[in-house]
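Quick note: numbers below take in every heavy atom, side chains included, and nothing from hydrogens, waters or symmetry partners.
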Amino acid sequence: RVSMLSETCSPPNVSAPRSHMMMAAGSMKRQATRMVCAAAEKVAVPVAAGATQTAEAVLDNPTNQKVSFVSLGCPKNVVDGEVILGDLYKSGFEVTQEHEDADAIVINTCAFVQDAKSESIEAIMEAAALNEDGKRRKIVVTGCLAQRYNSQLAQDMPEADMVMGFENYHKLPSSLQELMGTQQRQQQQEEASTSSRVQVGAATLGFRPEWDRYRLTPKHHAYLRVAEGCSHACTFCAIPGFRGKFRSKPWASVLDEAKRLVASGVKELNLIAEDTNQYGMDRRDGFGLAELMRELGKLEGLHWMRILYAYPSYFTEELIDEIANNPKVCKYIDIPLQHINNLVLLSMNRPPQNHTVNLLKKLRERIPGLVLRTTFICGFPGETQAQHRELVDFCKEFKFERMGAFAYSEEDGTPAADYPEQVADKTRQRRRDELISLQQRIGESFAEQQVGKEIDVLVDGYSEDGALIGRTQWDAPDIDPIVFLSEEDSNTSGLAPLEVGQLRRCRVIGNSIFDLEACPIA
């Protein structure tokens, strides 16, 4: 149907067991199978008092139009979605959980790998199918698929009423009001340029304030974007082409956003970028990630911060020391490595094996209790069986506590897509499955080693069965294992009841594969 997505592939296995999906989702720049509907499972709230006041002022003259939201992909997309929803909310739109009740549906797409693109297309088609009931909902496509394929997407998918890229996100409320006929005639004339069905623009942009959001994450944890874009030239990756060059968010802006988030009740900040530990290195003003985490550690009310999406080349001595010594920094690093064989790494244009292995050893030696998450690509062009075995053997020996794997996906416009010796799809899938199966055993072994220990658990919410669940400092939201919590009668135990958002000391009493089972002791 859509020419740019016409390569042969299987749709995401949305019915796969959670254990498989968690391993497969990984952290390689994108979590291709993550979907969040605005407020569907998590309470979506404006971040700070200022946001609420602003919204109330605008809502004195509401549009009486409802908008629902689907967010696909990585945490950076989640932040984009929260900012978009904040703009819509402040402009008088009501955010609804139910797509059927919406007057407009915004689909914030992902375009990282083929499965992610397929899922995005499926979400657009599902949204459009709702209009078969006779209600003409407007379908707005944002995100990386819109940025990357814009005009072609609009041409191939007439179901999309608007295709909007990053540069024009701030125009979405007025464009949508115009599209829905809720804007005043004078405003329509003043902003006639917004009426274009395709509004994309540049990929490399400055930063706008991101604290005034309509949150998709629970109140107690949030993503803090410290940088955007990527200036690397990995041969398999198209991200620099549609996310732009690497640029750090201004120091003062990051700190202000963090303070506002913590003031709103956030206890855990997950630091994100394309290459998070590169933060500040493009400015050379002496304020890098180590200095940032030191300042964040002073925020009263913040319990945890963690590093997601690190790159192997930017671990300074100061950064390693800060991770090791700052009690609020989770002893957890997400550092996608992609492979371990030297020739494959050279073909990928990634740091060499010797550098990577030495770094991993240094991190484990210098940071007590460190848990490492990584991601590997299986079936990269030219990868031999011997090279794959080297990767498997390395994982057996090093034993990453958390690991995800992807089958290689040819991406338009990348050098690797044109490499000879493309590996057969079945071979890619088989090698990925072997790595995931190995990691499930390693993850289960790590979980078994925690039984009997006392650990801190952040109470996250409830499972589908109504059981309280949480996470340790070694578990990032949505991609890593969870902790199933049980508690004795508070009247007999003398302990306060567990509540969502609490950080509680617990004893691990068992494990279910790589998930833990624990009960509070304080």
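For the 3.5 Å distance criterion, the side chains of Tyr332 and Asp480 qualify, holding a donor opposite an acceptor. Inspection of the Asp460 and His220 side chains reveals an N or O donor paired with an N or O acceptor under 3.5 Å. A side-chain donor-acceptor contact under 3.5 Å links Asp475 and Thr472. Between the side chains of Asn108 and Thr142, at least one donor N or O lies within less than 3.5 Å of an accepting N or O.
Proximity of a side-chain donor or acceptor of Asn326 to a complementary backbone N or O of Ile323 within less than 3.5 Å is not detected. Under a 3.5 Å cut-off, the side chain of Ser409 and the backbone N or O of Gln114 do form a donor-acceptor pair. When atom types are taken as modelled, the side chain of Lys135 and the backbone of Ala102 share a donor-acceptor pair closer than 3.5 angstrom. Here the side chain of Tyr279 pairs no donor or acceptor atom with the backbone of Ala290 at under 3.5 angstrom. In terms of modelled atom types and a separation under 3.5 Å, the side chain of Asp275 and the main chain of Ala310 share no donor-acceptor contact. Not one N or O on the side chain of Ser253 forms a donor-acceptor pair closer than 3.5 Å with the backbone of Lys249. Formation of a donor-acceptor pair under 3.5 Å by the Gln473 side chain with backbone atoms of Lys331 is found in this model. Using a distance-only test at 3.5 Å, with no hydrogens or angles considered, no donor-acceptor pair links the side chain of Asp103 to the main chain of Arg137.
Taking Trp304 as the reference, nothing meets the ring-ring contact (aromatic ring centres under 6.0 Å, His included) condition, with sequence neighbours excluded. Remark: Phe287 pairs with Trp251 by the ring-ring contact (aromatic ring centres under 6.0 Å, His included) rule, at least two apart or across chains.
Between the CZ atom of Phe69 and the NE2 atom of His99 there is a distance of 10.5 Å, given to the nearest 0.5 Å. The NZ atom of Lys171 sits 15.0 Å away from atom CG of Leu176, with the distance rounded to the nearest 0.5 Å. In this structure, CG in Asp334 is found 13.0 Å from CE in Met403, a value given to the nearest 0.5 Å. The line from CD1 of Ile333 to OG1 of Thr374 is 11.5 Å long, rounded to the nearest 0.5 Å.
Residue Glu274 comes nearest to Cys230 through the heavy atom pair CB-CB, 4.0 Å, listed as atom of the first residue, atom of the second, then distance. Between Ala518 and Val483, the shortest heavy-atom distance links the atoms CB-CG1, 3.7 Å. Of all heavy-atom pairs spanning Leu216 and Glu82, the tightest one is N-OE2, 2.8 Å. The heavy-atom pair separating Ala127 from Ile105 by the smallest distance is CB-CD1, 4.0 Å. For the residue pair Met157 and Ile121, the shortest heavy atom distance occurs at SD-CD1, 3.4 Å. For the pair Ala203 and Gly244, the tightest heavy-atom approach, listed with the atom from each and the gap, is CB-N, 3.7 Å.
Salt bridge present: Asp321 and Arg366 bring a charged side-chain N and a carboxylate O closer than 4.0 Å. The pair Glu322-Arg294 meets the salt-bridge criterion, with a side-chain N (NZ, NE, NH1 or NH2) lying under 4.0 Å from an Asp/Glu carboxylate O. A salt bridge links Glu228 with Arg243: the closest approach of a Lys/Arg side-chain nitrogen to an acidic carboxylate oxygen falls below 4.0 angstrom. For Glu257 and Arg213, the salt-bridge test passes: some basic side-chain N is under 4.0 Å from an acidic carboxylate O. A salt bridge links Glu411 to Lys117: one of the charged nitrogens lies within less than 4.0 Å of a carboxylate oxygen. For Glu291 and Lys298, the salt-bridge test fails: no basic side-chain N is under 4.0 Å from an acidic carboxylate O. Taking the charged nitrogens against the carboxylate oxygens, Arg471 and Asp515 have no contact shorter than 4.0 Å, which rules out a salt bridge. Salt-bridge formation is not detected for the pair Arg260/Asp212: no Lys NZ or Arg NE/NH1/NH2 atom is positioned less than 4.0 Å from an Asp or Glu carboxylate oxygen.
Screening Lys328, His303, Arg306 for a side chain to side chain donor-acceptor pair (under 3.5 Å) involving Glu268 leaves a single residue, Arg306. Residue Leu271 is tested with Leu308, Leu289, Val329 for a side-chain contact (heavy atoms from CB on, under 4.5 Å); the sole match is Leu289.
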Practice item. Evaluate side-chain hydrogen bond (donor to acceptor under 3.5 Å, both in side chains) for Asn77 paired with Ser71, printing each intermediate quantity in order. Key: CA-CA 7 Å; Asn77 245 21; Ser71 182; 5.0 Å; no
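Within the 4.5 Å cutoff, no side-chain heavy atoms of Phe246 are placed close to those of Pro240. Counting heavy atoms from C-beta on, the side chains of Asn277 and Leu319 come closer than 4.5 Å. Counting heavy atoms from C-beta on, the side chains of Leu337 and Phe400 come closer than 4.5 Å. Side chains of Leu172 and Asp87 form no contact here, defined as non-hydrogen atoms less than 4.5 Å apart. Looking only at side-chain heavy atoms (C-beta outward), Ile320 and Lys362 come within less than 4.5 Å of each other. Using a 4.5 Å heavy-atom cutoff, the side chains of Ile239 and Arg148 are not in contact. Annotation: side chain of Cys234 is not in contact with side chain of Asn349 (no heavy-atom distance under 4.5 Å). Put simply, the side chain of Val79 reaches to within 4.5 Å of the side chain of Tyr223, judged on heavy atoms.
Environment of NZ in Lys245: sparse, with no more than 12 heavy atoms of neighbouring residues, nucleotides or ligands closer than 6.0 Å.
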